[in-house]
Undergrad: 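I'd like to ask you about the structure that follows.
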Amino acid sequence: MDVDVLVVGAGITGIYQLYRAREAGFSVQLLEAGDGVGGTWFWNRYPGARFDSESYTYGYLFSRELFDEWEWKEHFAEQPEIERYLNHVVDRFDLRRQIRCGTRVTSATYDESAGSWTVVADDGSEYRARFLVAATGILSVPFFPDIPGRADFGGEQHHTGRWPATPVDFAGKRVAVIGTGSSGVQLIPIVAAEAASLTVYQRTPHWCTPLNNAPITPEEQAELRADFDGMCEVLNTSAAGFLHLPHDRATFDDAADERQAFFETMWQSKGFSKLTSNYTDLLFKPAANAEWCAFIAEKIRGIVDDPDTADKLIPKDQRYGEHRPPFVTGYFEAYNRPNVSLVDLRQTPIVRMTTTGIETTDGEQPFDIVVWATGFDFGTGALTRMGIRGQGGIALEEHWAEGPTTFLGIQTAGFPNFFFPGGPHAAAGNNPRYNGDQVDFVTDTLVYVRDHGYDTIEVDPAAEERWTDMVDRWAEQPPSFGKSSYYFGTNIPGKPRRYLLNSGGRPKLFKEIARVRDTDYKAFRLSRSE
Ligand code: NA7
């Protein structure tokens with residue numbers, strides 16, 4: 001056996017998994033496809049990429065010393081600072097010598113007689129590990145729409161999720177951005193300020209609200225440190241993993257003028273509080289949701305000078321929270337610049353790309369740079385492309401042909417000793433908090449297996465079915481995401497429509513983990529190899 005635990009992916013989850021497994025006394029090797037650590041925060045280095053969760057709620061909480069040493073500059077850190085932080089963590093805890101970057105896993109095969117995994121990477125290197133932990137992330141496979149002629153375009157093309165290490169120079173260039181999800185709306189104001197012209201190709205407008213970022217003042221830094229324990233208590237127990245506390249009133253408990261005043265407070269509040277601290281019935285009552293949407297629509301009309309452009313930017317037939325809400329800084333304002341224009345793809349769809357630009361039903365427009373902000377094969381994308389073969393040689397992509405089936409979003413039946421924290425059926429909120437819960441549970445499970453003299457652990461299919469049924473059933477009930485949300489995989493042509501988050505949320509995860517412990521791991525099959 002080369003190592004006890006082989007971790008794939010050096011994002012937030014993989015780095016933490018490496019740390020926890022090593023601290024638990026396992027020999028560990030981590031393989032990372034990128035040339036540096038950071039995962040999502042390595043690849044998504046487009047200008048404007050930043051947290052939508054408060055920096056101090058997104059970073060690690062396992063070490064008080066780490067928290068005290070690292071002063072985040074802004075409430076919502078930008079990508080370069082995040083990448084620096086993750087590199088600092090890796091060095092601070094001496095993890096780098098167990099990380100091999102530039103090594104993409106191409107196959108992982110379960111050896112039934114040995115109860116171990118054989119993992120092969122694209123450089124031909126081969127590893128044997130008792131346990132395989134894929135921390136490959138949910139947003140790691142970029143999606144390019146199948147638009148005819150894409151390969152023929154002669155200018156530069158970049159996807160936000162594969163941004164080059166060398167900065168892209170927009171100065172004096174004619175730029176197109178396709179896609180207005182969370183990534184597109186972060187990037188657009190930055191490009192607008194640099195490029196000669198920017199044309200935004202929008203298929204669906206989303207309910208964008210201000211991020212309300214700001215530098216963290218010295219007083220706030222001191223407060224954060226003074227209240228570390230209190231903050232951890234909230235973050236480690238909250239349903240969504242955020243600091244924002246729920247509101248205590250429903251929409252129509254307040255009179256119209258009070259609602260306007262409250263919505264204004266929400267508009268001025270930081271990040272996700274618009275979702276988590278808004279009126280309690282926001283996601284449950286259509287009339288309540290419509291009130292908040294009308295408030296945002298009015299804000300958009302107030303910011304955007306051209307009424308036609310404003311109208312295009314206002315979502316129609318989409319409730320707030322139907323999709324993951326994007327957060328913006330100067331986004332709507334960007335459309336007031338003379339060099340920025342908006343193309344509504346519902347009115348004039350893209351026909352094809354040409355060697356020089358983009359052709360819609362309204363004609364062709366030439367570009368020097370085209371940016372694809374068109375999202376990802378969310379949730380299962382990385383896992384189903386890694387050549388994972390379980391018992392009897394079954395391919396994970398076949399096992400999940402109708403969508404993922406998991407237990408706690410960490411294991412699937414037929415794939416012993418294989419775990420995937422931070423994968424499908426994981427988070428529904430502030431990702432690192434959920435993924436951290438999963439890593440803690442995976443690590444405790446590995447320790448349990450080792451300390452009880454077992455070699456293999458595999459979830460009981462009945463336990464997997466129970467959990468998956470819960471995920472699928474609850475995904476259809478309020479406060480649910482909409483049917484067209486990429487959380488159902490519907491953005492990828494041909495992908496089965498199946499819920500990809502944990503619709504039971506963190507409370508359900510905690511409850512089930514406690515049950516596993518209380519019942520002495522009854523949900524798993526444990527065995528000793530010969
Ligand atoms: P998203 O949120 O999936 O957004 C992708 C965007 O690309 C969205 O506006 C899509 O429009 C658009 N898109 C996708 N396919 C096409 C085609 N064929 N033509 C035009 N436009 C298209 O990805 P992001 O990278 O922005 O955000 C991902 C996550 O990163 C986010 O949730 C945060 O967690 C951070 P659509 O809305 O489908 O009509």
Side-chain angles (χ1 to χ4, degrees), residues 11-12 39-41 43-46 48-53 58 76 78-79 82 137-150 158-163 176-188 199-208 211 240-242 271-272 275 312-313 315-318 321-328 331 342-353 358-361 370-379 381 422 426-432 434-435 481-495 497 500-501:
I12 298 230
T40 288
W41 300 107
W43 296 107
N44 286 266
R45 52 181 66 244
Y46 60 87
R50 63 172 69 247
F51 287 152
D52 284 339
S53 305
Y58 202 98
F76 301 92
E78 205 173 3
Q79 184 275 337
I82 303 165
I138 41 182
L139 293 160
S140 25
V141 177
F143 167 66
F144 289 91
D146 189 15
I147 291 174
R150 188 160 61 80
H158 303 289
H159 191 288
T160 50
R162 280 286 177 279
W163 204 258
V177 173
I178 304 172
T180 50
S182 298
S183 304
V185 301
Q186 283 188 334
L187 172 94
I188 284 163
T199 308
V200 176
Y201 288 84
Q202 171 191 270
R203 190 166 64 182
T204 314
H206 295 285
W207 289 115
C208 300
L211 181 63
F242 289 111
F272 273 99
L275 193 64
K312 285 179 186 162
L313 290 165
K316 313 285 181 314
D317 308 321
Q318 188 191 124
E322 185 166 329
H323 290 254
R324 192 270 201 199
F327 297 101
V328 293
Y331 174 63
L342 179 65
V343 175
D344 181 347
L345 293 176
R346 304 260 179 217
Q347 287 172 7
T348 54
I350 295 177
V351 177
R352 63 186 176 112
M353 295 203 43
I358 296 174
E359 184 185 326
T360 67
T361 50
V370 171
V371 175
W372 299 89
T374 43
F376 300 86
D377 184 350
F378 182 85
N430 190 17
N431 279 351
Y434 281 74
N435 303 351
F481 289 103
K483 305 254 180 287
S484 63
S485 163
Y486 67 82
Y487 291 144
F488 284 96
T490 43
N491 61 325
I492 306 298
K495 187 163 172 165
R497 186 185 170 279
L500 299 165
L501 299 177

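Numbering of ligands and ligand atoms starts at 1, following listing order. Every value quoted in this text rests on a predicted model; they were computed, and no experiment measured them.
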Undergrad: Would you mind telling me if ligand 1 is within reach of the side chain of Pro326, the backbone, both or neither, using heavy atoms under 4.0 Å?
TA: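 None of Pro326 does.
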Undergrad: Is the shortest N/O to N/O distance between Asn491 and ligand 1 below 3.5 Å?
TA: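 No, since none of the N or O atoms of Asn491 sits under 3.5 Å from an N or O of ligand 1.
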Undergrad: Measure Leu345 to ligand 1 on non-hydrogen atoms and call it side chain, backbone, both or neither using the 4.0 Å cut-off.
TA: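 The part of Leu345 near ligand 1 is the side chain, not the backbone.
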Undergrad: How long is the gap from OH on Tyr46 to CD on Gln79, to the nearest 0.5 Å?
TA: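 Tyr46 atom OH to Gln79 atom CD measures 9.5 Å (nearest 0.5 Å).
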Undergrad: Name the option, out of Ser183, Ala49, Pro325, that contains the heavy atom nearest to atom 26 (O) of ligand 1.
TA: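 Nearest option to atom 26 (O) of ligand 1, by heavy atoms: Ser183.
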Undergrad: Check Tyr434, Phe272, Tyr58 against Phe242 for a ring pair (Phe, Tyr, Trp, His ring centres under 6.0 Å) and give me the one that passes.
TA: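 So, applying the ring pair (Phe, Tyr, Trp, His ring centres under 6.0 Å) to Phe242 and each of Tyr434, Phe272, Tyr58, only Phe272 qualifies.
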Undergrad: Which heavy atom of the protein is the closest neighbour of atom 31 (C) of ligand 1, given with residue, atom name and distance?
TA: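 Looking only at protein heavy atoms, the one closest to atom 31 (C) of ligand 1 is Tyr486 OH, 3.1 Å.
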Undergrad: Quick one: does Tyr486's side chain get under 4.5 Å of Phe481's, heavy atoms only?
TA: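 Counting from C-beta outward, Tyr486 and Phe481 never come under 4.5 Å.
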Undergrad: Say you draw a straight line from CD1 of Ile350 to CZ of Arg150; how long is it, rounded to the nearest 0.5 Å?
TA: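 Taking CD1 in Ile350 and CZ in Arg150, the distance rounds to 11.5 Å.
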Undergrad: Answer side chain, backbone, both or neither: which part of Ile178 comes under 4.0 Å from ligand 1, heavy atoms only.
TA: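 The answer is the side chain.
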Undergrad: Taking the six-membered ring for Trp and the single ring otherwise, decide whether the centroids of Phe378 and Phe143 are under 6.0 Å apart.
TA: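 Between Phe378 and Phe143, the centre distance exceeds or equals 6.0 Å.
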Undergrad: Give me the nearest non-hydrogen protein atom to atom 5 (C) of ligand 1 as residue plus atom name, then the distance to 0.1 Å.
TA: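 Heavy-atom neighbour on the protein nearest atom 5 (C) of ligand 1: Ala373 O, 3.4 Å.
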Undergrad: Can you tell me the protein heavy atom closest to atom 9 (O) of ligand 1 and the distance?
TA: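 Residue, atom and distance for the closest contact: Thr180 N, 2.9 Å.
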Undergrad: Has ligand 1 got any nitrogen or oxygen that is less than 3.5 angstrom from a nitrogen or oxygen of Pro145?
TA: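 Between Pro145 and ligand 1 (N or O atoms, distance only) the closest approach is not under 3.5 Å.
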Undergrad: Any chance you could measure Ile147, atom CD1, to Tyr201, atom OH, to the nearest 0.5 Å?
TA: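 Those atoms lie 10.0 Å apart.
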Undergrad: Among all protein heavy atoms, pick the one closest to atom 4 (O) of ligand 1 and tell me residue, atom and distance.
TA: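 Protein heavy atom at minimum distance: Gly181 CA, 3.5 Å.
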Undergrad: Got the closest protein heavy atom to atom 12 (C) of ligand 1, with its distance?
TA: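 Here the nearest protein heavy atom works out to Gly179 CA, 3.7 Å.
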Undergrad: Over 60° means perpendicular and under 30° means parallel, so tell me whether His158 and Trp163 are parallel, tilted or perpendicular.
TA: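 Because their plane-to-plane angle lies in the 30° to 60° range, the rings of His158 and Trp163 count as tilted.
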Undergrad: Tell me: protein heavy atom nearest atom 30 (O) of ligand 1, and distance?
TA: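 The closest one turns out to be Leu139 CD1, 3.9 Å.
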Undergrad: How close do Thr348 and Thr361 get, counting heavy atoms only, and between which atoms?
TA: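 Where Thr348 meets Thr361 most closely, the heavy atoms are CA-OG1, 3.1 Å.
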Undergrad: Between the main-chain N or O of Ser485 and the side-chain N or O of Thr490, is there a donor-acceptor pair closer than 3.5 Å?
TA: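 Yes, because the side chain of Thr490 sits within donor-acceptor range (under 3.5 Å) of the backbone of Ser485.
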Undergrad: Tell me which protein heavy atom sits closest to atom 23 (O) of ligand 1, plus the residue, atom name and distance to 0.1 Å.
TA: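 Of every protein heavy atom, Gly375 CA, 3.2 Å lies nearest to atom 23 (O) of ligand 1.
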Undergrad: Check each atom of ligand 1 against the heavy atoms of His206 and keep those under 4.0 Å away; list them by number with element.
TA: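 This gives 37 (O) as the contact atoms.
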Undergrad: In the protein, what heavy atom is nearest to atom 36 (P) of ligand 1, and what distance, to one decimal place, separates them?
TA: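 Result for atom 36 (P) of ligand 1: Thr204 OG1, 3.4 Å.
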Undergrad: How does Phe376 reach ligand 1, if at all, at less than 4.0 Å between non-hydrogen atoms: by side chain, backbone, both, or neither?
TA: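 The answer is the side chain.
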Undergrad: Using atom types as modelled and distance alone, determine if a side-chain donor or acceptor of Gln186 lies under 3.5 Å from a backbone N or O of Arg50.
TA: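 Such a contact is found between Gln186 side chain and Arg50 backbone.
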Undergrad: So, Thr204 versus Arg346: side-chain donor-acceptor pair below 3.5 Å or not?
TA: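 Present: a donor and an acceptor within the cut-off.
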Undergrad: Who gets closest to atom 14 (C) of ligand 1 by heavy atom: Gln202, Arg203, Arg346, His323?
TA: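 When every heavy atom of Gln202, Arg203, Arg346, His323 is considered, Arg203 comes closest to atom 14 (C) of ligand 1.
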